[in-house]
Each structure stands twice: as C-alpha cells, then as structure tokens.
Amino acid sequence: MLTGLGSCLPLGVVSNAELALTVDTSDEWVRTRTGISARRHVSESVDVMDLATAAGRNALIAAELASVDALVLATSTPRRPCPAGAPEIASRLGLGPIPAFDVMAMCSGFLYALSTAAGLISAGVAQSVLVVAAETYSRILNPDDRATAVIFGDGAGAAVLRRGEPDEPGALLAMDLGSDGSRSDLIHVPGSGGEGPYLVMEGRKVYRQAIEKISASSMRVIKDCGWATEDVDLLVPHQANARIVQAVAQRLGIAEERTVCAIAEVGNTAAASIPLALSTAMGSGALAPGHRTVLTAFGGGLTWGSAALIWPRVRSVHSEL
Ligand code: COA
C-alpha cells in the first residue's frame with residue numbers, strides 16, 4: 001500500500017514568453033494548444049540524480065521510514081546510459097545494499113515502476129519499496145523544435161509502497177500495463193548522428209494514441225475494481241497536454257472537477273508527471289483520504305498503464321533544487 005509521497009522541482013522557471021525569445025512560438029499558442037504557462041529546467045549544476053535523490057528522501061520523510069527493502073527508479077533521461085541510477089540513489093540515501101534498478105517506460109514510467117514494486121512485495125522479496133520517477137527532458141530537447149521545446153519540463157516524484165492488507169486504503173486494487181512497439185518511432189531519441197541526440201516526436205499521432213490508450217486502460221482498471229466511471233472521485237492522468245486530459249475525461253464521462261489538470265506551471269514531466277500531479281492535488285485539497293482514485297499514463301514505446309486505489313491518509317513532502 002502507498003504510504004508516503006515526495007517530490008522535487010528545479011528552481012529554474014522558464015515561462016512561455018522566455019521560450020518565445022529563442023523558439024518560434026508565442027505564449028498564446030502554447031497556453032491555448034497545451035495549457036502550459038511555464039516549465040522548470042535544471043541548472044547546469046543539478047542533474048536527474050539530484051532531483052531523484054531529493055524526491056526519494058522526501059517520500060521517506062513523508063512515510064516516516066529510515067529504510068526500505070528495494071528501490072526502483074523510473075527515468076527516460078538517465079545521467080548516463082549505464083549503470084542504472086537506482087543503486088546510486090540508494091547509496092546516497094544511505095539505504096544499504098538493497099536491490100535497486102531502473103525501469104524505462106518514458107511517460108508511463110511511474111506506473112510501470114509502481115507495479116514492479118507491488119510485484120516485489122507480493123513475491124516476498126521486499127516489505128517496502130521506494131519508487132522514484134525523475135526526468136530532465138531539458139537535456140534532450142532540440143532548442144529549434146518548437147513542438148517539443150514548449151511541452152516538456154524537468155522534475156521528480158516518489159512514493160513509498162509497503163506490504164499491507166488488500167482492503168486497506170492505499171492498496172493497489174487493480175493495475176493495467178501495455179505496450180505497442182510497432183509505433184516506437186512516434187516518440188524517440190535517435191541512437192546517434194547529428195546534434196543532440198534530441199527527442200523527436202510526431203505530435204499529432206501521439207495526441208490521438210494518448211487519448212485512445214489512456215481511456216481504454218483507465219476503463220480496464222475501473223471495471224476490474226467493480227466500479228463504474230461515476231464511482232471515480234478523482235482521475236489523475238499523465239500531464240502531457242491539458243487538451244489530452246480534457247478529452248480523456250470527456251471520453252470516460254468523468255467531470256472536469258473530478259480530473260486533475262496540473263500541467264500549467266510544470267509542463268510534461270514524463271515519468272514524474274503522476275506523482276507531481278498527486279502532490280499538487282493533495283495540496284489543493286482535490287485529493288483526500290477515501291477518494292476512489294485512478295492513475296493513468298501514456299508514453300513513448302508506446303507504453304501505457306493505469307492503477308486504481310482508495311486514497312490513503314498519507315503525507316506529501318516537497319522541495320526545490
Ligand atoms: N508554437 C507555434 N506553432 C506551433 C508550435 C509552437 N510551439 N508547435 C507546432 N506549431 C504549429 C505547427 O507548425 C503547425 O503549423 P502549420 O499548420 O503552419 O503547419 C500548427 O502549429 C499545427 O501543428 P500541429 O502539430 O498539428 O499542432 P497540434 O495542435 O497537434 O499541437 C502538440 C502540437 C505537440 C502540442 C500536440 O500535437 C500534442 O500535444 N501532442 C501530444 C504530445 C505529447 O503528449 N507528448 C508526450 C506524450 S507522453
């Protein structure tokens with residue numbers, strides 16, 4: 001069951017107006033087409049491991065735990081291709097020689113890592129797992145590509161899962177994961193050659209796929225729980241584009257007031273998007289203990305995933321770097 005949330009954002013705020021000084025775009029276009037007003041970018045001295053470690057530490061503080069039995073890091077923007085970042089985060093947090101590894105599912109990474117953590121607990125490998133999702137897309141954005149430069153931002157979120165009773169609030173009641181590798185070129189970073197390597201995205205096609213896959217995956221977990229869409233108190237979708245969030249809510253028949261849209265100040269933070277949206281929703285009071293909650297994400301791969309739970313009485317701790 002979920003027992004604590006943490007998050008960390010870089011201090012550097014980049015507004016649409018600032019981006020428009022170097023990219024061929026406008027504040028009006030970005031706000032109306034994506035719902036984004038600003039995003040955070042790391043400074044030169046901060047990297048994805050710093051954000052990940054801070055978010056992980058915050059989640060441990062929130063869960064009032066000094067140690068866990070395993071750590072899973074979700075990132076698609078690692079500091080280096082190998083080794084995995086998770087062992088270094090475990091070491092920086094003083095967690096000892098615990099199992100620690102990365103999963104890479106782009107924007108669906110948090111849900112993939114969460115279900116991996118739940119699997120470690122069910123298999124008896126761990127009693128508690130720290131799940132961290134951290135991204136620094138600013139490091140792989142082509143500054144001349146206006147379609148991606150305006151959307152993505154940096155950030156990290158984390159959650160602690162621990163063994164609990166299946167009927168306790170915070171237990172993962174249903175999970176759904178999927179992929180379609182035949183469309184892997186829709187969002188990818190070319191292997192080599194040219195400048196960068198930078199992220200490349202076919203925005204229109206991704207947009208359509210995201211709505212379709214997120215809606216279908218959400219429906220599967222809602223049905224698996226024996227709920228109807230009217231029973232969902234809060235839908236927390238991956239924050240890719242405010243229009244995608246609205247379209248998914250409309251397709252599922254879930255009112256906008258019961259759907260989290262927290263993209264305006266941070267943009268699309270990929271794997272970190274759901275834990276960051278959860279922290280924002282807790283802060284505003286939109287997410288409260290007892291809420292029947294559905295988390296759902298879509299990302300490159302293509303990958304998608306959803307989870308349903310009754311929101312537990314948990315704390316969320318945030319910091320900036
Ligand atoms: N500023 C100004 N104009 C822009 C622009 C920008 N930042 N980005 C694209 N445009 C222009 C295009 O060049 C195009 O111009 P044209 O008609 O003269 O050719 C026009 O706007 C429409 O482009 P299109 O790509 O069809 O826009 P769109 O409404 O689909 O919005 C995205 C583009 C990228 C915002 C949108 O497709 C999107 O959000 N896709 C999903 C992205 C996503 O979620 N990615 C992560 C998935 S996890």
Side-chain angles (χ1 to χ4, degrees), residues 8-48 50-51 75-79 106-107 109 133-157 183-211 237-247 261-273 276-277 280 297-302 320-321:
C8 179
L9 284 169
L11 285 163
V13 177
V14 181
S15 69
N16 292 341
E18 277 169 85
L19 261 190
L21 296 174
T22 53
V23 182
D24 182 15
T25 191
S26 67
D27 174 49
E28 214 247 324
W29 193 96
V30 183
R31 271 190 297 104
T32 53
R33 305 302 293 168
T34 71
I36 300 168
S37 301
R39 72 287 295 141
R40 302 293 184 95
H41 283 181
V42 285
S43 63
E44 289 218 342
S45 60
V46 172
D47 73 15
V48 69
D50 301 319
L51 294 180
T75 187
S76 45
T77 50
R79 186 180 59 198
M106 295 192 82
C107 301
E135 304 279 17
T136 47
Y137 266 71
S138 64
R139 296 266 158 92
I140 58 162
L141 291 175
N142 180 347
D144 298 325
D145 178 8
R146 61 184 181 173
T148 51
V150 302
I151 291 181
F152 291 93
D154 303 339
R183 295 172 194 245
S184 60
D185 284 351
L186 293 189
I187 320 174
H188 75 284
V189 178
S192 59
E195 281 182 69
Y198 293 131
L199 180 78
V200 179
M201 180 178 77
E202 288 193 48
R204 268 279 162 100
K205 289 184 185 162
V206 170
Y207 189 93
R208 280 198 296 269
Q209 284 291 319
I211 295 169
H238 166 51
Q239 307 289 308
N241 179 326
R243 286 161 54 222
I244 294 179
V245 171
Q246 284 153 9
C261 189
I263 198 171
E265 303 304 324
V266 293
N268 179 349
T269 54
S273 140
L276 283 170
T280 305
F298 170 87
L302 302 174
E320 305 205 336
L321 263 184

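Since the model is a prediction, treat every value here as computed from it, not as a measurement. Keep in mind that the numbers below use all heavy atoms, side chains included, and drop hydrogens, waters and symmetry copies.
- Minimum interatomic distance between Cys107 and Phe298 (heavy atoms only, all atoms of both residues): CB-O, 3.1 Å.
- Contact annotation: the side chain of Ile244 never approaches that of Pro237 to less than 4.5 Å [non-hydrogen atoms, C-beta and beyond].
- Going from atom CG of Asp154 over to atom CZ of Arg40 covers 10.5 Å, rounded to the nearest 0.5 Å.
- Note that the CZ atom of Arg204 and the CD atom of Gln209 stand 14.5 Å from one another [nearest 0.5 Å].
- The shortest heavy-atom contact between Thr34 and Val30 is OG1-O, 2.5 Å.
- Counting only distance, with no hydrogens or angles, the side chain of Arg39 and the backbone of Ile151 share no donor-acceptor pair below 3.5 Å.
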Derivation and outcome, side-chain contact (heavy atoms from CB on, under 4.5 Å), residues Leu141 and Phe152: CA-CA 8 Å; Leu141 291 175; Phe152 291 93; 4.0 Å; yes
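- Note: Thr77 OG1 to Met106 CE = 9.0 Å, rounded to the nearest 0.5 Å.
- Between Gly157 and Ala272, the shortest heavy-atom contact is N-CB, 3.9 Å.
- In this structure, Ser15 and Asp27 have side chains that are not in contact, with every pair of non-hydrogen atoms separated by 4.5 Å or more.
- Side-chain contact between Thr269 and Glu135 is absent, with no heavy-atom pair separated by less than 4.5 Å.
- The shortest heavy-atom contact between Ser43 and Arg139 is O-NH2, 3.0 Å.
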Chi angles and distances behind the side-chain contact (heavy atoms from CB on, under 4.5 Å) call for Val42, Ser138: CA-CA 7 Å; Val42 285; Ser138 64; 3.9 Å; yes
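- Of all heavy-atom pairs between Ala134 and Ala156, the closest is CB-CB, 3.7 Å.
- Thr136 places none of its side-chain heavy atoms less than 4.5 Å from the side chain of Val46.
- In this structure, Thr148 OG1 and Asp144 CG are separated by 10.0 Å, a value rounded to the nearest 0.5 Å.
- Considering every non-hydrogen atom in both Gly299 and Ile187, the closest pair reads C-CD1, 4.2 Å.
- Here Thr25 contributes atom OG1 and Arg146 contributes atom CZ; the two are 6.5 Å apart, rounded to the nearest 0.5 Å.
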Residues Leu321, Leu51; criterion side-chain contact (heavy atoms from CB on, under 4.5 Å); working and verdict: CA-CA 7 Å; Leu321 263 184; Leu51 294 180; 4.2 Å; yes
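- Note that the OG atom of Ser26 and the CG atom of Asn16 stand 8.0 Å from one another [nearest 0.5 Å].
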Pair Val150-Leu19, side-chain contact (heavy atoms from CB on, under 4.5 Å): steps then yes or no: CA-CA 7 Å; Val150 302; Leu19 261 190; 4.0 Å; yes
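- Residues Gln239 and Val266 form no side-chain contact, since every pair of their non-hydrogen atoms from C-beta on lies 4.5 Å or further apart.
- Counting only heavy atoms from C-beta outward, the side chains of Arg183 and Lys205 never approach each other to under 4.5 Å.
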